[in-house]
Amino acid sequence: TLDLTCRKTPCFVKFSEMEKMVNIQAEINEVQPLLVSQTVVSALQFYFIGKKCEILQDMNRHLEAVLKEKRALRKMLIKPRCQESLPIEATFHKYIVELLTEAVTFIEKLESHLQTVRILPHIPNIMKNMDTALTKMELLVMELEELAEQILKWRDLQKEVYSD
């Protein structure tokens with residue numbers, strides 16, 4: 001009888017319903033951030049997949065264009081370049097000769113300038129070497145002067161000996 005009276009009371013029924021509602025709300029609160037994060041991740045994945053797909057499509061279009069031009073490219077690679085000279089009118093031949101001489105002098109000057117530019121990082125070492133060489137040369141000059149004085153003294157002594 002106690003059990004029957006306990007179930008029929010509206011207080012306990014409302015309490016159990018409220019407890020169920022609170023449990024359901026807690027589950028919803030736990031699941032909702034996971035759903036939001038999953039939707040964000042899936043949206044980002046679709047975005048990056050779309051970008052990769054665009055890149056691959058561009059590459060595919062480029063490769064298709066290369067394949068279409070394959071025959072022309074093969075002919076261009078096989079054919080020597082010297083046969084593709086453009087005809088020049090006779091009135092311009094003089095200018096072409098002048099242009100070629102200017103090109104040759106430009107290339108020569110360019111090579112000398114490139115050598116100069118290549119040497120620039122080594123200038124401090126070259127200067128150190130030149131300083132040491134100058135110091136050595138000064139020492140040799142001093143030794144040579146001393147030797148010359150000794151030779152002159154020896155010559156004077158030899159003249160005195162032979163004159164006696």
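Owing to the predicted nature of the structure, the values given are computational and were not obtained by experimental measurement.
From Q150, atom CD reaches atom CD of E146 across 7.0 Å, with rounding to the nearest 0.5 Å. Interatomic distance, OG1 of T101 versus CD1 of I96, reported as 11.0 Å (0.5 Å rounding). The distance from the CG atom of L114 to the CD1 atom of I119 is 11.0 Å, given to the nearest 0.5 Å. The CG atom of L100 lies 10.5 Å from the OG1 atom of T105; values are rounded to the nearest 0.5 Å. For the atom pair D156 CG and S163 OG, the distance stands at 10.5 Å (nearest 0.5 Å). Here the CD1-CE distance, from I24 to M21, works out to 8.0 Å after rounding to the nearest 0.5 Å.
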- request: Check the pair F106, L110 against side chain to side chain contact (heavy atoms under 4.5 Å, CB included), reporting the backbone distance first and the verdict last.
  value: CA-CA 6 Å; F106 172 76; L110 180 67; 4.3 Å; yes
query: Going through the checks in order, is the side chain to side chain contact (heavy atoms under 4.5 Å, CB included) test met by Q115 and R118?
result: CA-CA 5 Å; Q115 287 175 352; R118 286 186 197 122; 4.1 Å; yes
query: Yes or no on side chain to side chain contact (heavy atoms under 4.5 Å, CB included) for V104 and E108, after CA distance, side-chain angles and deciding distance?
result: CA-CA 6 Å; V104 169; E108 288 172 355; 3.8 Å; yes
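Using a 4.5 Å cut-off on side-chain heavy atoms (C-beta onward), L134 and M137 make contact.
A salt bridge between R61 and D58 is present, with a side-chain N of the basic residue lying under 4.0 Å from a carboxylate O of the acidic one.
Under the 4.5 Å side-chain contact rule for hydrophobic residues, L144 and L139 do not share a cluster. Tracing side-chain contacts under 4.5 Å through hydrophobic residues (I, L, V, M, F, W, Y), one never reaches I126 starting from V117; they form parts of separate clusters. Residues Y162 and W154 fall into different hydrophobic clusters, defined by Ile, Leu, Val, Met, Phe, Trp and Tyr side chains chained together at heavy-atom separations under 4.5 Å. A continuous path of Ile, Leu, Val, Met, Phe, Trp and Tyr side chains, each step under 4.5 Å between heavy atoms, connects L120 with M130, placing both in one hydrophobic cluster.
For the side chain to side chain contact (heavy atoms under 4.5 Å, CB included) criterion with L157, the lone passing option out of E160, R155, K159, K153 is E160.
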